[in-house]
J.: 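Have a look at the structure that comes next, please.
Count residues from 1 along the sequence.
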Amino acid sequence: MSSEEIKAKLQELTTGLCYQSEADYPLEVVQFEVALPDILTEKELVALTGNAAKRPVEVTDVASFFRHVTTLNNETPLVDNTAKQIVILQAFCEQHLQNTKVYRIGSRILTALLLGKSSNGLLLGLQTTIVQT
């Protein structure tokens, strides 16, 4: 699948979908026209996103990022429409993006980036805001 096809499918899968935290923000499709290593450094994240340097960065996997939306108490699968959409979105990302990682930047109001490489090496995925108090 080409980068443009992946991007179009991600836009389709995220239409009307929000990431649930203390404030719900939409999942937005992002693409960076650069080829970068498998795990981004803090300096590379700052350059890509414009976030201020020296904000804490946590790297996690896609399943952990979506776990609270797809399971009850991190164990029992949820069956509502949002959970079903997220499961489909997660599977699509894991299948069509290589080396997917989630970067959580900040502490109380975070920028979250789910990024992976397309078959031609471009970095693309999803971005949202997470509020934690």
J.: Counting distance only, does the side-chain N/O of Thr60 pair as donor-acceptor with the main-chain N or O of Ser64 below 3.5 Å?
T.: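 No; zero donor-acceptor contacts below 3.5 Å.
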J.: How long is the straight-line distance from CG of Leu10 back to CG of Leu124, given to the nearest 0.5 Å?
T.: 6.5 Å
J.: Could you go through Leu115 and Tyr103, starting from their C-alpha distance and side-chain angles, then the distance that decides it, and tell me whether this counts as side chain to side chain contact (heavy atoms under 4.5 Å, CB included)?
T.: CA-CA 8 Å; Leu115 298 173; Tyr103 301 89; 4.3 Å; yes
J.: Can you list the residues that meet the salt bridge (charged side-chain N to carboxylate O under 4.0 Å, His left out) rule with Glu28, with sequence neighbours excluded?
T.: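 Salt bridge (charged side-chain N to carboxylate O under 4.0 Å, His left out) check on Glu28 returns nothing, list empty.
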J.: State which residues pass side chain to side chain contact (heavy atoms under 4.5 Å, CB included) with Ser119; sequence neighbours excluded, sorted by chain then number.
T.: none
J.: Which pairs, with at least one residue in residues 109-133 and sequence neighbours excluded, count as a ring pair (Phe, Tyr, Trp, His ring centres under 6.0 Å)?
T.: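 Not a single pair qualifies under ring pair (Phe, Tyr, Trp, His ring centres under 6.0 Å).
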J.: Apply side chain to side chain contact (heavy atoms under 4.5 Å, CB included) to Gln11 and list each qualifying residue two or more places apart in sequence or on a separate chain.
T.: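 Here the qualifying residues are Lys7, Val29.
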J.: Begin from the C-alpha positions of Gln31 and Glu4 and carry the test side chain to side chain contact (heavy atoms under 4.5 Å, CB included) through to its verdict.
T.: CA-CA 10 Å; Gln31 178 176 328; Glu4 287 306 313; 3.8 Å; yes
J.: Who are the side-chain hydrogen bond (donor to acceptor under 3.5 Å, both in side chains) partners of Ser2, not counting sequence neighbours?
T.: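 Partners of Ser2 under the side-chain hydrogen bond (donor to acceptor under 3.5 Å, both in side chains) test: Glu5.
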J.: Measure the CG-CD distance between Leu110 and Glu58 for me, rounded to the nearest 0.5 Å.
T.: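 One gets 8.5 Å once the value is rounded to the nearest 0.5 Å.
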J.: Are Met1 and His96 side-chain neighbours, meaning at least one heavy-atom pair lies under 4.5 Å?
T.: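 Side-chain contact under 4.5 Å: yes.
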J.: For a quick test of reading the model, state the closest non-hydrogen atom pair linking Asn120 to Ser3 and the distance between them.
T.: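 Result for this residue pair: OD1-OG, 2.6 Å.
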J.: The criterion is side chain to side chain contact (heavy atoms under 4.5 Å, CB included); which residues satisfy it with Gln127, sequence neighbours excluded?
T.: Val30, Thr111, Leu113
J.: Could you give all pairs that pass the ring pair (Phe, Tyr, Trp, His ring centres under 6.0 Å) test and reach residues 112-133, with sequence neighbours left out?
T.: none
J.: Check step by step if side chain to side chain contact (heavy atoms under 4.5 Å, CB included) holds for Val62 and Lys101.
T.: CA-CA 6 Å; Val62 178; Lys101 300 277 186 260; over 6 Å; no
J.: side-chain hydrogen bond (donor to acceptor under 3.5 Å, both in side chains) with Gln98: which residues, sequence neighbours excluded?
T.: none
J.: State which residues pass ring pair (Phe, Tyr, Trp, His ring centres under 6.0 Å) with Tyr19; sequence neighbours excluded, sorted by chain then number.
T.: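 Phe65, His68.
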J.: Side chain to side chain contact (heavy atoms under 4.5 Å, CB included) with Leu13: which residues, sequence neighbours excluded?
T.: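 Once residues adjacent in sequence are excluded, the partners of Leu13 under the side chain to side chain contact (heavy atoms under 4.5 Å, CB included) criterion are Lys9, Ile88, Leu89, Phe92.
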J.: Who passes side-chain hydrogen bond (donor to acceptor under 3.5 Å, both in side chains) against Glu22, sequence neighbours left out?
T.: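 Here the qualifying residues are Thr133.
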J.: Apart from Val131 itself, which Ile, Leu, Val, Met, Phe, Trp or Tyr residues share its cluster (side-chain heavy atoms under 4.5 Å, direct or through members)?
T.: Tyr25
J.: Please check if atom CG in Leu17 has more than 12 non-hydrogen atoms from other residues, nucleotides or ligands closer than 6.0 Å.
T.: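 Counting neighbours around CG of Leu17, more than 12 heavy atoms of other residues, nucleotides or ligands fall under 6.0 Å, so yes.
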J.: Decide side chain to side chain contact (heavy atoms under 4.5 Å, CB included) for Leu97 and Ile6; before the verdict, give the C-alpha distance in whole Å, the side-chain angles of both, and the deciding distance to 0.1 Å.
T.: CA-CA 8 Å; Leu97 296 173; Ile6 293 170; 4.1 Å; yes
J.: What's the spacing between Leu27 CG and Cys18 SG if we round to 0.5 Å?
T.: 7.5 Å
J.: Is there a donor-acceptor contact under 3.5 Å linking the side chains of Arg104 and Gln132?
T.: yes
J.: Using side-chain heavy atoms (C-beta onward) and a distance below 4.5 Å, is Val59 in contact with Val102?
T.: no
J.: Do you know the tightest heavy-atom contact between Thr100 and Cys93?
T.: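 Heavy atoms only, the tightest pair is CG2-O, 3.7 Å.
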